[in-house]
There are 4 protein chains.
Amino acid sequence: MTGRRAVPAEKRSRHPTEVRRRQVVRAALELISEQGIAGVSARDIARHAGVSPGTITYHFSGVREIIAEAIALEIDEYYTPLMAELRTLGPREALSRLVEALFTPETERHWRMWFEYWLAGLHDDDFVDRQAGRYATWQGQIRDIIVAGQDAGVFTSGDAAEVAVRFVALTDGLALQWLRGVPPLTGEQARDHLRRFAADELGA
Amino acid sequence: MTGRRAVPAEKRSRHPTEVRRRQVVRAALELISEQGIAGVSARDIARHAGVSPGTITYHFSGVREIIAEAIALEIDEYYTPLMAELRTLGPREALSRLVEALFTPETERHWRMWFEYWLAGLHDDDFVDRQAGRYATWQGQIRDIIVAGQDAGVFTSGDAAEVAVRFVALTDGLALQWLRGVPPLTGEQARDHLRRFAADELGA
Amino acid sequence: MTGRRAVPAEKRSRHPTEVRRRQVVRAALELISEQGIAGVSARDIARHAGVSPGTITYHFSGVREIIAEAIALEIDEYYTPLMAELRTLGPREALSRLVEALFTPETERHWRMWFEYWLAGLHDDDFVDRQAGRYATWQGQIRDIIVAGQDAGVFTSGDAAEVAVRFVALTDGLALQWLRGVPPLTGEQARDHLRRFAADELGA
Amino acid sequence: MTGRRAVPAEKRSRHPTEVRRRQVVRAALELISEQGIAGVSARDIARHAGVSPGTITYHFSGVREIIAEAIALEIDEYYTPLMAELRTLGPREALSRLVEALFTPETERHWRMWFEYWLAGLHDDDFVDRQAGRYATWQGQIRDIIVAGQDAGVFTSGDAAEVAVRFVALTDGLALQWLRGVPPLTGEQARDHLRRFAADELGA
DNA sequence: TATGAATGAGAGTTCATTCAT
DNA sequence: AATGAATGAACTCTCATTCAT
């Protein structure tokens, strides 16, 4: 009796594939953000999702697929509403709102997952392509805000794409320091650094 | 009392512990930079170093110790000579030389290791303290260069520690983009971004 | 994330956990009685039970658990029916029947296991508690027979608990000589020694 | 650095084989009585003896030989002086002195070793012959005391060899209870049981 | 669709023994 | 005589995956 059984939430319920997939991916997401990609096993995911190991491999080609989907889910849930909101705002307000949305306690999980994902991509080609697309999107949306601001005359002119590269790089780098917490960098300090950067580079 | 016996080996070389340890750590370093921390096993390291598994655990308390030493070795080999060189230069030249030393092909392995290390620290307390020390050192040395430059009147005045935080963050973030290569960011472009940052923030 | 894959097995039978556990414990029991606790490995047990090593750790928390269960099984299979039988007899017949049941060829394995168990308890606290309980039960049941006999006037009066201590000690000590076989002590001789003891101490 | 080095008591001292053997056997004896035969490794013995593992196998054919010698040493150190003393006494005093020498705190180690030895002999033919000899000697010496007492008219007549068998068995069995301590049996209680036995069987 | 028992390769580690020094 | 680095088989345990039910 090794206690490896799944919690029999509701014995042998049948669901369409999509429902089961979401259930499993959601469980994986929680585990990855707590323990990292290297720290979760297929069994863990199954148990946490309340299904059997067999169900996992029935619906997925392997753990790798689950992890990829979990990260995709996480990223989509973070960016999709944020970006939708930003599109309703003017450039200045959009930039300001974006900075406020970064480094908040609720986004910590997101950043952990992002770096897990990024690093997995270093050694695992399966992840690289998806990663590239997401990164390009993220950077592109920031560039668009900058361009809009420059067109509207509220941001200093300059190469918007290049400023976006620096903005994203600075954000990532600040997240690394904020997440690790040593030397301590609070979310508010991290946001101040970004505001300072925006003021210098865009006059915002 | 388990009646084990050794079968004649084919060849066998003897070395003092320190020599073997270096050999093994060097082998581990190569594997980690290629496959990541999660991708190397004690057996892999032994095979790559040309020794038996027993030799590994004879000289080390476990794989973890080897990995920690490999990363320490990598970081020391990168920073120690660079920092020694920078100390011989004036602030303006030091900053310029530092930027030139970043994002070069030879340093790619270093950056991979650095991020592996960072990630390991997220979920593994053994790594956190060492990491914190190294991070503080690195950031502190950059701050010192900035302070020296401000004292010499060659850099714009401002909060040196804060500028150092941003400089380090930007460097890490650019390294992430440079390493991934998608969207493409060359080493020279990455350096240009840093130079632009230095010009804006320090008037350098 | 280690990319393991299973290769098609040749045959595979499915059983409920309890069935497999019994099968494995039974296999362990045979091995322990032949080779001793120190001489059996998880692999041995798996092979002997006709299952894979993974099956062993799927159903048990570790070898220790298997060994503990094997010994418990052995002891229960020996004592439970014997004690049930004795309870149906009068004191004089019970004592007589008990002596006849000792040192028979079928009980050799039992005694080997008992001493394995006992000795394991010297260095392994996990075993001590269970051992203590079993020993107390065994001694207590003998004492109860003596008390019943004294109450019925068929045994000489005296401190029943103390006689039980000596009876059990003599039994254990005779078993040690009988099992080892050097100097030779047959089962019948051992039983005669016990009968002689009973006659002296209880007038039985 | 695994801390497996021997304490370099006095670097590379040279001794005749016999001196080194004794040193190693003595170290083994201490370890076995603390941790049991199964719990000591060749390395442990080497470290505890302050010599290198190589020295161990230079002087001995293997760990098994060391263990056998350690037990022989223990038994000799216990019995030789005791038996020498008993030979100087009359039968009644000899028996009385023998009982007093049993189950004392100083003899606990001896009994542990004795049972370790006994168990090892069950599965290991190397031990059986030596064991048999020692057991025969021990039992024979007790028989001789009884015979002497019967000849002198101080002990009841009867089959001395058989009484010796029972005496030794009872002693072993009491030692098992005394060593385990559950249910509690003090040394003095154990000796009382033996005295009671001697009174019943020998009129002593 | 779902289960969960079963698999076996491979993980880190231990250890008696060998052998170059 | 003595060392201690080196060996490699065997240890327990983990785990992604398979497959009979």
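Sequence lines set the chain letters: A, B, ... in the order given, protein chains first and strands last, and positions in each chain run from 1.
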Enquirer: Would you write out the dot-bracket form of DNA chain F, 5' to 3', with Watson-Crick and G-U pairs under 3.5 Å, [ ] for crossing pairs, | for pairs to other strands and . for unpaired bases?
Expert: .||||||||||||||||||||
Enquirer: Any base atoms under 4.0 Å from D:Thr55, or only sugar-phosphate, or nothing? Heavy atoms, all strands.
Expert: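 Base: the residue D:Thr55, judged by heavy atoms under 4.0 Å, touches a nucleobase.
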Enquirer: Atom CD of D:Glu65 and atom C1' of E:dA16: how far apart are they, to the nearest Å?
Expert: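 Taking atom C1' of E:dA16 as the reference, CD of D:Glu65 is at 14 Å.
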Enquirer: Find which nucleotide of DNA chain F each of B:Val51 and C:Val40 is nearest to by heavy atoms, and output the residue with the more 5' nucleotide.
Expert: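 Closer to the 5' end of DNA chain F: B:Val51.
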Enquirer: Reading DNA chain E from 5' onward, which residue's closest nucleotide shows up sooner: C:Pro53 or B:Asp44?
Expert: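 It is C:Pro53 whose nearest nucleotide is closer to the 5' end.
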Enquirer: Between B:Ala42 and A:Thr57, name the one whose nearest nucleotide on DNA chain E is closer to the 5' end.
Expert: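 Whichever sits nearer the 5' end wins; that is A:Thr57.
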Enquirer: For B:Arg14 and C:Arg47, take the nucleotide of DNA chain F holding the closest heavy atom to each; which residue's nucleotide lies nearer the 5' end?
Expert: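 Closer to the 5' end of DNA chain F: B:Arg14.
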Enquirer: Residues in ring pair (Phe, Tyr, Trp, His ring centres under 6.0 Å) with A:Phe60, at least two apart?
Expert: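 Listed in chain order: nothing, the list is empty.
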Enquirer: What salt bridge (charged side-chain N to carboxylate O under 4.0 Å, His left out) pairs are there with at least one residue in residues 22-41 of chain D, not counting sequence neighbours?
Expert: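 As it turns out, the salt bridge (charged side-chain N to carboxylate O under 4.0 Å, His left out) pairs with a partner in residues 22-41 of chain D, which skip direct neighbours, are D:Arg26-D:Glu77.
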Enquirer: Taking only N and O in the side chain of D:His59, is any of them less than 4.0 Å away from OP1 or OP2 of F:dA2?
Expert: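 True: D:His59 side-chain N/O within range (under 4.0 Å) of F:dA2 OP1/OP2.
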Enquirer: Round to a whole Å and report the spacing from NE2 of A:His48 to P of F:dC15.
Expert: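 In whole Å, F:dC15 P lies 17 Å from A:His48 NE2.
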Enquirer: Answer with base, sugar-phosphate or nothing: what part of the nucleic acid does C:Ser41 contact at a heavy-atom distance below 4.0 Å?
Expert: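 Touches sugar-phosphate only.
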Enquirer: What is the separation between atom CD1 on A:Ile45 and atom P on E:dA2, rounded to the nearest whole Å?
Expert: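 Atom-to-atom, A:Ile45 to E:dA2, this comes out as 17 Å.
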Enquirer: Would you check, one step at a time, whether the test side chain to side chain contact (heavy atoms under 4.5 Å, CB included) holds for C:Ile71 with C:Ile37?
Expert: CA-CA 10 Å; C:Ile71 292 169; C:Ile37 290 176; 3.8 Å; yes
Enquirer: Check every strand shown and say whether B:Gly54 touches a base, only sugar-phosphate, or nothing at a heavy-atom separation below 4.0 Å.
Expert: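 Base contact.
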Enquirer: Please confirm whether the shortest side-chain N or O distance from C:Ser52 to OP1 or OP2 of E:dT7 is below 4.0 Å.
Expert: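 Answer is yes, contact under 4.0 Å.
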Enquirer: Establish whether the base of F:dA6 is bridged to the side chain of B:Arg12 by a donor-acceptor pair shorter than 3.5 Å.
Expert: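 Such a pair is found, so the answer is yes.
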Enquirer: Near DNA chain E, which residues from residues 22-30 of chain C have a heavy atom under 4.0 Å away?
Expert: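 Those residues: none at all.
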Enquirer: Tell me the interatomic distance from B:Tyr58, atom OH, to E:dC19, atom P, rounded to whole angstroms.
Expert: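 The distance from OH of B:Tyr58 to P of E:dC19 comes to 17 Å, rounded to the nearest Å.
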Enquirer: Whole Å only: how far is the NE2 atom of B:His15 from the P atom of E:dC19?
Expert: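 Rounded to the whole Å, the gap is 18 Å.
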Enquirer: May I have the distance from B:Glu18 (atom CD) to F:dA5 (atom P), rounded to whole angstrom?
Expert: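 About 11 Å, once rounded to whole Å.
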Enquirer: Could you tell me how far apart A:Phe60 (CZ) and F:dC15 (C1') are, to the nearest whole angstrom?
Expert: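 Rounded to the whole Å, the gap is 18 Å.
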Enquirer: Expressed as a whole number of angstroms, how long is the span from C:Leu31:CG to F:dC11:P?
Expert: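 Between P of F:dC11 and CG of C:Leu31: 12 Å.
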Enquirer: Suppose we screen for salt bridge (charged side-chain N to carboxylate O under 4.0 Å, His left out). Which residues come up paired with A:Arg134, at least two apart in sequence or across chains?
Expert: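 Expected list: A:Asp76.
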Enquirer: Which residues satisfy the salt bridge (charged side-chain N to carboxylate O under 4.0 Å, His left out) test with D:Glu116, sequence neighbours excluded?
Expert: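 Residues passing salt bridge (charged side-chain N to carboxylate O under 4.0 Å, His left out) with D:Glu116: none at all.
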Enquirer: Applying salt bridge (charged side-chain N to carboxylate O under 4.0 Å, His left out), name anything that partners B:Arg64, two or more places apart in sequence or on another chain.
Expert: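 Partners of B:Arg64 by the salt bridge (charged side-chain N to carboxylate O under 4.0 Å, His left out) criterion, ordered by chain and then number, come out as B:Asp124, B:Asp126.
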Enquirer: Kindly indicate whether the side chain of B:Arg43 and the base of E:dG10 share any N or O donor-acceptor pair separated by less than 3.5 Å?
Expert: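 No pair found.
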Enquirer: Using 0.5 Å steps for rounding, measure from the CG atom of B:Leu73 to the CG atom of B:Leu29.
Expert: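 Taking CG in B:Leu73 and CG in B:Leu29, the distance rounds to 5.5 Å.
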Enquirer: Hey, could you give me each pair passing salt bridge (charged side-chain N to carboxylate O under 4.0 Å, His left out) that has a residue in residues 49-59 of chain C? Not counting sequence neighbours.
Expert: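 Not a single pair qualifies under salt bridge (charged side-chain N to carboxylate O under 4.0 Å, His left out).
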Enquirer: Test of understanding: with salt bridge (charged side-chain N to carboxylate O under 4.0 Å, His left out), list the residues that count as partners of B:Asp44, not counting sequence neighbours.
Expert: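 Checked B:Asp44 against salt bridge (charged side-chain N to carboxylate O under 4.0 Å, His left out); matches are B:Arg47.
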Enquirer: Can a salt bridge be assigned to the pair D:Arg21 and D:Glu65 using a cut-off of 4.0 Å between side-chain N and carboxylate O?
Expert: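 A salt bridge links D:Arg21 with D:Glu65.
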